[in-house]
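Quick note on labels: first sequence line is chain A, next is B, and so on, each numbered from 1.
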Number of protein chains: 2
Amino acid sequence: MQLSEAYETVDHALSAKKLLLVIGTCQVKYSGRATSKLAKGDRLVIVKSDGSFLVHQNKGLAAINYQPPKGRLSCELNDTLILRATRKQPRELLEVIFSKISFAGAYTINDDRSLQIFGTEKDLAKLLMQDLSVLEPGLTSTKQESKSKRGFIDIFARDKKGNPVLIEVKRRTAGLKAVTQLKRYVEETNKRKNQEVRGILCAPGISKNALIMLEREGLEYCRLDYDAHTSDTKIKGLIKKQKRLKEFFV
Amino acid sequence: MQLSEAYETVDHALSAKKLLLVIGTCQVKYSGRATSKLAKGDRLVIVKSDGSFLVHQNKGLAAINYQPPKGRLSCELNDTLILRATRKQPRELLEVIFSKISFAGAYTINDDRSLQIFGTEKDLAKLLMQDLSVLEPGLTSTKQESKSKRGFIDIFARDKKGNPVLIEVKRRTAGLKAVTQLKRYVEETNKRKNQEVRGILCAPGISKNALIMLEREGLEYCRLDYDAHTSDTKIKGLIKKQKRLKEFFV
DNA sequence: GCGATCAGCGGCACG
DNA sequence: CGTGCCGTTGATCGC
């Protein structure tokens, strides 16, 4: 395909805010929050009508270079065909320099539907909150997702003794981050309430290091078995880890 | 475009492991780590030769549905054209059901180049380590990114008194997470070394809450001004926050 | 393979 | 707008 022919397509697509696809040999330069260079090779460029700009190699899920929506788009034809996406705040420039074009096409796309998704962390927390007694007898929920000044916690509950219990739900194997996050919430709450505050981490798994740290901090872990293969996610089981040592001596 | 014609293109692209583009009206179903549904609308589907499968709407940078490389791909033609990407471990299914096709194309892409990127957190840490004295007189680096049992620290140094100093570098405004991370490293090191361990957070900014927590924990903050607009990233300035209170009374 | 972390993270929700 | 955090996070690197 001639560069000039591609230029017509590109220029029209940008001004008409159509979906633009370009395949060809190009080098890519990015300068902004970071700087990157990508030497000559064949890639796919996508420009969406909201200004989203994507450069894809023929492997991997993630775009190799990109520029977020709402930027300024332009194109230029000399002995190469250049596509640019710029923005200020932060000041950034993405430049794709095509020396050869295999394909260029512009399309009108009608789509007003948005994704319905099930089995998120929020969904799991909601499910769990519906019957906290399966986690521990006497546990009653106060509120879900108290998104307050200092961070947030998934479930705020009280145990049968009336002590506050913070429950953090993770949809994946919990790591050190999850434990430090829970620890921080517990410490914050502890400071505010000046009561013994418990923290329970509910996740389908926990890493070795995370478990060590969790136990050292006096926090608790509960294995959360769930199935997210259907739109009504189900909790299949809750297996509480052996209680922390000090509880044996009460 | 006829569905049957598109089917030929798709089937050929999948078996020949070409880059495949399809635009058309479809609904999308996903079941696996979560479950999602996307009602009928016009979208772009990309299948890469490594098996990466992407469904894009005409807005936003991120794919609305996807499936990672190395999965199994298949297509089927009835009164609709169905593209499937499945995998086990975890067991997942992504299904795109086309009722209409606007465009389908298969391409051979040659690209063996990879991205060179500059201005990453690692780059900043390396730069900073080259002359720690600008951060504080007498500060000398021991090693970069010393790997401890739990997580990493960017720079391990000692101050003029010989006390260990852990330096965590962030390329963006630091939040609560950065502080808790540094805190954890400092605590771990403290436990191991049984010495007074200092922690310095270097970032272009810090959030209000993060600063409060940092100061309460006796950690230090240093504003890191840098310019990442060129491939040789430069540190423009380091502004140390006023030292913590207790140092005034030494 | 698991584990921990970064990412030009993106995207969303809330104050 | 900033702040915080989830994500079917993905991608990378060390073990």
Separation of [N] [atom2] from [X] [atom1] (nearest whole Å):
{"X": "B:Lys122", "N": "D:dC13", "atom1": "NZ", "atom2": "P", "answer": "7 Å"}
{"X": "A:Glu188", "N": "D:dC5", "atom1": "CD", "atom2": "P", "answer": "11 Å"}
{"X": "A:Leu61", "N": "C:dG10", "atom1": "CG", "atom2": "C1'", "answer": "14 Å"}
{"X": "A:Leu54", "N": "C:dG8", "atom1": "CG", "atom2": "P", "answer": "14 Å"}
{"X": "A:Lys208", "N": "D:dG14", "atom1": "NZ", "atom2": "P", "answer": "23 Å"}
{"X": "B:Lys29", "N": "D:dT8", "atom1": "NZ", "atom2": "C1'", "answer": "18 Å"}
{"X": "B:Asp50", "N": "D:dG10", "atom1": "CG", "atom2": "P", "answer": "13 Å"}
{"X": "B:Gln116", "N": "C:dG8", "atom1": "CD", "atom2": "P", "answer": "14 Å"}

Return no unless some side-chain N or O of [X] is found under 4.0 Å from OP1 or OP2 of [N].
{"X": "A:Asn209", "N": "C:dA4", "result": "yes"}
{"X": "B:Lys170", "N": "C:dC6", "result": "yes"}
{"X": "B:Arg172", "N": "C:dC6", "result": "no"}
{"X": "A:Arg33", "N": "C:dG10", "result": "yes"}
{"X": "B:Arg184", "N": "C:dT5", "result": "yes"}
{"X": "A:Tyr226", "N": "D:dT8", "result": "no"}
{"X": "B:Ser207", "N": "D:dG4", "result": "yes"}
{"X": "A:Gln181", "N": "D:dG4", "result": "no"}

Worksheet item: According to the 5.5 Å centroid and 30° plane-angle thresholds, does B:Phe152 stack upon the nucleobase of C:dT5?
Response: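 Per 5.5 Å and 30° rule: no stacking.
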Find out whether [X] and [Y] are in side-chain contact, i.e. whether some heavy atom of one side chain is under 4.5 Å from a heavy atom of the other.
{"X": "B:Lys183", "Y": "A:Arg184", "value": "no"}
{"X": "A:Leu61", "Y": "B:Leu54", "value": "yes"}
{"X": "A:Leu214", "Y": "A:Leu201", "value": "yes"}
{"X": "A:Val197", "Y": "A:Val186", "value": "yes"}

Would you indicate what [X] reaches in the nucleic acid, counting non-hydrogen atoms under 4.0 angstrom: base, sugar-phosphate, or nothing?
{"X": "A:Leu124", "result": "nothing"}
{"X": "B:Gln89", "result": "nothing"}
{"X": "A:Pro68", "result": "base"}
{"X": "B:Thr35", "result": "nothing"}
{"X": "A:Gly32", "result": "nothing"}
{"X": "A:Gly119", "result": "nothing"}

Listed nucleotide nearest any side-chain atom of [X], set [options]:
{"X": "A:Arg171", "options": "C:dG11, D:dG7, C:dG8", "result": "D:dG7"}
{"X": "A:Asn65", "options": "C:dG8, D:dT9, D:dC5", "result": "C:dG8"}
{"X": "A:Tyr66", "options": "C:dC9, C:dC6, D:dT8", "result": "C:dC9"}
{"X": "A:Leu115", "options": "D:dT8, C:dC6, C:dT5", "result": "D:dT8"}
{"X": "B:Leu176", "options": "D:dG4, C:dC6, D:dT8", "result": "D:dG4"}

Worksheet item: What interatomic distance, in whole Å, is found between C1' of C:dC14 and the corresponding atom of D:dT8?
Response: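 So the two C1' atoms sit 25 Å from each other.
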Discussion item. Between C:dG8 and C:dA4, how far apart are the two P atoms, rounded to whole Å?
Written reply: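 Their P atoms lie roughly 22 Å apart.
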Worksheet item: Considering heavy-atom distances to DNA chain C, does A:Thr173 or B:Ile117 have its closest nucleotide positioned more toward the 5' end?
Response: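 The residue whose closest nucleotide sits nearer the 5' end is A:Thr173.
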Worksheet item: Quick one: on DNA chain C, does A:Tyr30 or A:Ser52 contact a more 5' nucleotide (nearest heavy atom)?
Response: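 Residue closer to the 5' terminus by nearest nucleotide: A:Tyr30.
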Discussion item. Quiz question: going by heavy-atom distance under 3.5 Å, is there a donor-acceptor pair between the base of D:dG7 and the side chain of A:Glu121?
Written reply: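 Side chain to base: no pair present.
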Discussion item. Would you say B:Gln67 and B:Tyr30 are linked by a side-chain donor-acceptor pair, where the criterion is simply a distance under 3.5 Å?
Written reply: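 Note: B:Tyr30 and B:Gln67 side chains miss the donor-acceptor criterion.
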Item to complete: Indicate yes or no for a side-chain donor-acceptor contact from B:Ser49 to the backbone of B:Leu19 under 3.5 Å, with no hydrogens or angles considered.
Response: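 Looks like no, no N/O pair under 3.5 Å.
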Worksheet item: Would a distance-only check, ignoring hydrogens and angles, find a side-chain to backbone donor-acceptor pair under 3.5 Å from A:Tyr107 to A:Lys18?
Response: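 Side chain of A:Tyr107 to backbone of A:Lys18, a donor-acceptor pair under 3.5 Å: no, none is there.
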Item to complete: By nearest nucleotide on DNA chain D, pick out whichever of A:Thr120 and B:Pro69 is the more 5' one.
Response: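 By nearest-heavy-atom nucleotide position, the 5'-most residue is A:Thr120.
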Practice prompt. Going by the side chain to side chain contact (heavy atoms under 4.5 Å, CB included) test, name the single residue among B:Ile200, B:Val165, B:Ile167 that passes it with B:Leu132.
Written response: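 Of the listed residues B:Ile200, B:Val165, B:Ile167, the side chain to side chain contact (heavy atoms under 4.5 Å, CB included) partner of B:Leu132 is B:Ile167.
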